[in-house]
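Remarks on the structure that follows.
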Amino acid sequence: MKNFRSSSFQIFLFLGWAILSNCVYSQSIGIWNNVSDGFRTQGTVRMGKAAESPSNINSYQSENPLSKLYQERIGAGVEKLMGQLKTRIVLISSDRQVVYQNYAARSMQTATPLGYSMSKSLTALTIGHALCANPNISISTKAETLVPRLTGTSWGQSSIEELLLMKSGSSKQEPQRSGWQSEAVAELHRPAYLGGHSQDVIELMIRHDLKDFKSGTSHQYNNYDTLALGFLVEAITGKKFHEYFFETVWKEIAASKNGAWLVNGLDQTFTAFGFSAAPEDWLRIGHYVIDQINSGSCLGQF
């Protein structure tokens, strides 16, 4: 096991859609195609272009000694896990070398799968960029000072940090709703996947603000806190969220394929669940985060 453990770090990417898709629509023959292309042909998206010179990620080589070791030690276990979780893609990267890969179907190798709630981490990165570029705004700044429409709401009374920690207190969450406080609320947002969402998200947030907890006192995993962060990015930067993301995070990642954010008819970005990218570009995102942390940059410290 010495060589297996000696790599400086590994990034594991599991993309499993069966459980997630149940939260979107009942399963159908075409659901996997929709998910695997990030709903780009179904929903309304804003696209970020691939880099002319993508950052280095060495593709899988079955004869690589470390790849052989991964296959020998974990291959059977990963295949079993994929069957149990109905996972479609597993990639493991070690020092920018893909040392293990498993695709449920060959077509998955060219997919640009929807990341669902992995999008929340990208939203956190983006607001980190915005804060680093605007040091006059603190992580303790109340949201309502930047987005007046949120004044008096759970989100408006929360600081940026509390929203990152999902502590707005707007409502007690039902875990099975995957971030929506009720089935009724979830149903209002599901049309986004098929390009059928045209309601103002802030208006919906205000309507659904139950104020079950005082802001900052209770963590409740939810989508609205991350959607609020997206509006904060727009207020801080004066740009649409997806525009700022593509100009900063995506540009610096130097992806090999186009990335895309789902938006509604008002061009509001679904920052909590709407980003899609190629499997190896998801790995690039992971390496980017590690690079920022190791560099000690403002974003890395954030």
Side-chain angles (χ1 to χ4, degrees), residues 7-13 48 51 54-57 92-96 115 117-147 150 155-169 179 215-255 259 261 269 271-275 277 280-302:
S7 298
S8 60
F9 59 84
Q10 292 85 36
I11 293 179
F12 297 78
L13 174 66
S55 60
N56 185 44
I57 290 284
I92 301 176
S93 171
S94 178
D95 296 333
R96 287 179 165 77
S117 285
M118 290 193 293
S119 305
K120 292 179 171 67
S121 296
L122 299 185
T123 301
L125 279 176
T126 308
I127 199 161
H129 258 288
L131 293 176
C132 287
N134 296 273
N136 57 309
I137 299 175
S138 166
I139 197 171
S140 62
T141 300
K142 296 289 185 182
E144 61 190 12
T145 66
L146 300 171
V147 184
L150 293 176
W155 303 280
Q157 294 170 359
S158 298
S159 66
I160 295 174
E161 181 178 15
E162 288 166 347
L163 292 175
L164 285 164
L165 295 173
M166 295 188 178
K167 289 186 174 183
S168 71
S215 296
T217 63
S218 177
H219 166 77
Q220 298 288 323
Y221 179 83
N222 72 94
N223 294 323
Y224 276 150
D225 284 19
T226 304
L227 289 168
L229 290 172
F231 293 119
L232 283 168
V233 168
E234 295 185 346
I236 294 169
T237 67
K239 298 180 179 181
K240 292 291 186 181
F241 175 89
H242 52 80
E243 293 174 344
Y244 188 71
F245 171 84
F246 289 132
E247 291 174 7
T248 54
V249 177
W250 195 242
K251 181 179 180 181
E252 294 179 11
I253 287 167
W261 280 101
T269 310
T271 53
F273 55 84
F275 189 72
E280 288 192 4
D281 287 334
W282 282 108
L283 289 180
R284 284 183 170 88
I285 293 169
H287 284 293
Y288 173 73
V289 172
I290 291 171
D291 289 345
Q292 292 299 314
I293 293 172
N294 289 340
S295 72
S297 67
C298 176
L299 185 61
Q301 293 178 35
F302 172 82

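Numbers for residues simply follow the sequence, beginning at 1.
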Heavy-atom check, side chain of Ser215 versus side chain of Lys142, under 4.5 Å
no
Apply side-chain contact (heavy atoms from CB on, under 4.5 Å) to Ala272 and list each qualifying residue two or more places apart in sequence or on a separate chain.
Lys120, Asn223, Thr226, Leu227
Between Arg284 and Pro54, which heavy-atom pair has the shortest distance, and what is it?
NH2-CB, 3.9 Å
Work out which heavy atom in Val249 is nearest to a heavy atom in His129; give both atom names and the distance.
CG2-CD2, 3.5 Å
Donor-acceptor pair, distance only, cut-off 3.5 Å: does the side chain of Asp225 make one with the backbone of Ser168?
yes
Keeping Thr237 on the side-chain end and Val233 on the backbone end, is there a donor-acceptor pair under 3.5 Å?
yes
Flag, side chain of Thr271 to backbone of Thr123, donor-acceptor distance under 3.5 Å
no
Quick one: pull up CG in Leu131 and OG1 in Thr126 and give me the separation to the nearest 0.5 Å.
11.0 Å
Measuring from Leu164:CG to Ile127:CD1, what's the distance to the nearest 0.5 Å?
6.0 Å
Could you tell me the separation between the CG atom of Leu146 and the CD atom of Glu234, rounded to the nearest 0.5 Å?
12.5 Å
Return the set of residues passing salt bridge (Lys or Arg N to Asp or Glu O under 4.0 Å) with Lys239 (not counting sequence neighbours), or none when no residue passes.
Glu247
Which atom of Lys167 lies closest to which atom of Ser158, heavy atoms considered:
O-OG, 4.2 Å
Does the side chain of Ile160 reach to within under 4.5 Å of the side chain of Ile137, using non-hydrogen atoms?
yes
Applying side-chain contact (heavy atoms from CB on, under 4.5 Å) to Ile293 and not counting sequence neighbours gives Val289
Thr269 vs Lys240 side-chain heavy atoms within contact, under 4.5 Å
no
Any luck finding a side-chain donor-acceptor pair between Ser218 and Gln220 under 3.5 Å?
yes
Give me the atom names and distance for the closest heavy-atom approach of His219 to Leu165.
ND1-O, 2.9 Å
Does the pair Ile253 and Asp281 meet the rule for a side-chain contact (heavy atoms from CB on, under 4.5 Å), with working shown?
CA-CA 8 Å; Ile253 287 167; Asp281 287 334; 5.6 Å; no
First locate atom OG of Ser55, then atom CD of Glu252, and finally report the distance between them rounded to the nearest 0.5 Å.
11.5 Å
Please tabulate, for side-chain N and O atoms in residues 295-302, each donor-acceptor pair with protein atoms closer than 3.5 Å (sequence neighbours left out).
{"unit_1": "Ser295", "atom_1": "OG", "unit_2": "Asp291", "atom_2": "O", "d": "3.4"}
{"unit_1": "Ser295", "atom_1": "OG", "unit_2": "Gln292", "atom_2": "O", "d": "2.8"}
{"unit_1": "Ser295", "atom_1": "OG", "unit_2": "Ser297", "atom_2": "N", "d": "3.2"}
{"unit_1": "Ser295", "atom_1": "OG", "unit_2": "Ser297", "atom_2": "OG", "d": "3.3"}
{"unit_1": "Ser297", "atom_1": "OG", "unit_2": "Gln292", "atom_2": "OE1", "d": "2.7"}
{"unit_1": "Ser297", "atom_1": "OG", "unit_2": "Gly300", "atom_2": "N", "d": "3.0"}
{"unit_1": "Gln301", "atom_1": "NE2", "unit_2": "Gly296", "atom_2": "O", "d": "2.8"}

Who pairs with Phe241 by ring-ring contact (aromatic ring centres under 6.0 Å, His included), at least two apart in sequence or on another chain?
Trp261
Work out which heavy atom in Phe275 is nearest to a heavy atom in Gly259; give both atom names and the distance.
CZ-CA, 3.9 Å
Indicate the atoms forming the closest heavy-atom contact of Ala143 with Trp155, along with that distance.
CB-O, 3.2 Å
Does a side-chain heavy-atom distance below 4.5 Å link Trp250 with Tyr288?
no
Find out whether Tyr221 and Ser117 are in side-chain contact, i.e. whether some heavy atom of one side chain is under 4.5 Å from a heavy atom of the other.
yes
Could you grab the distance from atom CG of Leu232 to atom CG of Leu150, nearest 0.5 Å is fine?
7.0 Å
Could you work out, with side-chain contact (heavy atoms from CB on, under 4.5 Å) as the rule, every residue matching Ser140, not counting sequence neighbours?
Ser138
If you round to the nearest 0.5 Å, how far is CD1 of Ile139 from CD of Glu162?
10.0 Å
